Amino acid sequence: MTNNPILTADSVVREYSQGGTSIPVLSGVNLSVGHGEKVAIVGASGSGKTTLLNLLGGLDDPDKGRIAVNDKSWTNLGASERAIWRNQHIGFVYQFHHLLNEFSALENVALPLLIGDCSVNKSRQQATSLLERVGLGHRLNHTPAELSGGERQRVAVARALVNEPSVVLMDEPTGNLDPITAKTMLELLLDLNQSLGIAFVLVTHDDNIAQQMDRTVILEMGQLKLRESLIV
């Protein structure tokens, strides 16, 4: 793991307007994530964790501050440049898989590569290889409706990793799974993090998951603070 950050947030502020009143959500967030690092973000419901993930991934813009991936600021990129940079460097995993129902597992995973102008053959080869790594080599041609909840989430993880991004942003990736499947999914994520060296930033309410990360920060009163210890 290198000391050079691949994802940084500097003095990030985000506010929402409601009834003519400005409501602060993030009030000067600072975060730095190194290569291959695993960071958990915890906090109360409504504290702004999902808002922060969307900002980190360039899906939304802060009102103030700077967010950069590999030292390239989202706000300095036009819409098409931002889409390309996101495709190359950011993966997303959500609580719900958000797979395309009419596509097979293989097609869902290959899609980010195809969007990035990778050839069809190479895209299929890389998608197949990653699906095999997550234990779905025998389910390549099955649609999401033909897969279990745990299998669909593994497809979503493979899709997020197939481009070998710099960092994968995860919003409660095990929150919709039963405890046994969630445990298996966490073990898979930890194994992929170690073998691929891709950084993970993971929002979770589960302290057992947070304890498996390299560090845990808590979003409280609009700011991130290092959480020194976890009570289970």
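The chain is numbered in sequence order, starting from 1. Excluded from the calculations below are hydrogen atoms, water molecules and symmetry mates; all remaining heavy atoms, backbone and side chain alike, are included. What you see is a predicted model; the values in this text were computed from it and never measured.
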Q: Just verifying a value: how many Å separate Ile41 CD1 and Leu52 CG, rounded to the nearest 0.5 Å?
A: 4.5 Å

Q: Taking Val69's backbone N and O only, do any of them form a donor-acceptor pair with Trp85's side chain (distance below 3.5 Å, no angle check)?
A: yes

Q: Are Met213 and Leu190 packed together at the side-chain level, in the sense that at least one heavy-atom pair is separated by less than 4.5 angstrom?
A: yes

Q: When you compare the side chain of Lys225 with that of Val217, does any pair of heavy atoms fall below 4.5 Å?
A: no

Q: Given side chains that start at C-beta, do those of Val29 and Arg14 come closer than 4.5 Å, heavy atoms only?
A: no

Q: Please tell me if the side chains of Ile198 and Pro165 come closer than 4.5 Å, counting only heavy atoms from C-beta onward.
A: yes

Q: For residues Leu136 and Leu111: do they belong to one hydrophobic cluster (side chain heavy atoms under 4.5 Å, members Ile, Leu, Val, Met, Phe, Trp, Tyr)?
A: no

Q: Give me the atom names and distance for the closest heavy-atom approach of Ser22 to Glu15.
A: OG-OE1, 2.8 Å

Q: Can you give me the closest heavy-atom contact between Ala127 and Val109, atom names plus distance?
A: CB-CG1, 3.7 Å

Q: Do side-chain atoms of Asn141 reach the backbone of Leu106 as a donor and acceptor pair under 3.5 angstrom?
A: no

Q: Could you walk me through whether Glu37 and Arg215 pass the salt bridge (charged side-chain N to carboxylate O under 4.0 Å, His left out) check?
A: CA-CA 9 Å; Glu37 188 178 13; Arg215 61 187 165 106; 2.5 Å; yes

Q: Is there a side-chain contact between Val33 and Leu56, using heavy atoms and a 4.5 Å cut-off?
A: no

Q: Closer than 3.5 angstrom, by distance alone: can the side chain of Lys49 be matched with the main-chain N or O of Ala44 as a donor-acceptor pair?
A: yes

Q: Considering non-hydrogen atoms only, spot the tightest contact between Ser123 and Leu114 and give its length.
A: OG-CD2, 3.5 Å

Q: Any side-chain heavy atom of Leu140 within less than 4.5 Å of one from Ser104?
A: no

Q: Is a side-chain N or O of Asn163 found less than 3.5 angstrom from the main chain of Gln88, in a donor-acceptor match?
A: no

Q: Under the side chain to side chain contact (heavy atoms under 4.5 Å, CB included) criterion, do Ser27 and Val13 qualify, and how do the steps go?
A: CA-CA 5 Å; Ser27 305; Val13 172; 5.6 Å; no

Q: Within the side chain of Asn108, is there an N or O that forms a donor-acceptor pair under 3.5 Å with the backbone of Leu100?
A: yes

Q: Is Thr216 reaching over with its side chain to a backbone N or O of Ala210, donor-acceptor style, under 3.5 angstrom?
A: yes

Q: Are side-chain heavy atoms of Leu189 and Val93 found at a separation under 4.5 Å?
A: no

Q: Going by an N to O cut-off under 4.0 Å, is there a salt bridge joining Glu146 and Arg139?
A: no

Q: Kindly compute the distance separating NZ (Lys38) from CD1 (Ile209), expressed to the nearest 0.5 Å.
A: 13.5 Å

Q: To the nearest 0.5 Å, what is the distance between CZ on Arg152 and CG on Leu147?
A: 7.0 Å

Q: Is the backbone of Gln125 close enough, under 3.5 Å, to the side chain of Ser129 for a donor and an acceptor to pair up by distance?
A: no

Q: What is the minimum heavy-atom distance between Gln126 and Cys118, and which atoms define it?
A: OE1-SG, 4.5 Å

Q: Is the number of heavy atoms from other residues, nucleotides or ligands within 6.0 Å of CD (Glu164) greater than 12?
A: no

Q: Check this for me: does any side-chain nitrogen of one of Arg82 and Asp60 sit under 4.0 Å from a carboxylate oxygen of the other?
A: no

Q: Please walk me through it: do Asn30 and Leu224 pass side chain to side chain contact (heavy atoms under 4.5 Å, CB included)?
A: CA-CA 7 Å; Asn30 294 291; Leu224 284 179; over 6 Å; no

Q: Is it the case that atom CD1 in Ile23 sees more than 12 heavy atoms from other parts of the structure closer than 6.0 Å?
A: yes

Q: Could you walk me through whether Thr8 and Leu31 pass side chain to side chain contact (heavy atoms under 4.5 Å, CB included), step by step?
A: CA-CA 5 Å; Thr8 56; Leu31 179 67; over 6 Å; no

Q: For side chain to side chain contact (heavy atoms under 4.5 Å, CB included), just list the numbers for Lys183 and Leu186, CA-CA rounded to whole Å, side-chain angles, deciding distance to a tenth of an Å, and then say yes or no.
A: CA-CA 5 Å; Lys183 182 176 182 294; Leu186 177 60; 5.8 Å; no

Q: Over all heavy atoms of both residues, which pair between Leu55 and Asp61 is shortest? Give the atoms and the distance, please.
A: CD2-C, 3.3 Å

Q: Which distance, rounded to the nearest 0.5 Å, do you find between the CD of Gln212 and the CG of Asn208?
A: 8.0 Å

Q: Are Leu99 and Arg159 packed together at the side-chain level, in the sense that at least one heavy-atom pair is separated by less than 4.5 angstrom?
A: yes

Q: Check Arg154 against Gly135 and note the closest heavy-atom contact, atom names and distance.
A: NH1-O, 3.7 Å

Q: Look at the side chain of Gln153 and the backbone N and O of Thr174, then say whether any donor-acceptor pair between them is shorter than 3.5 Å.
A: no

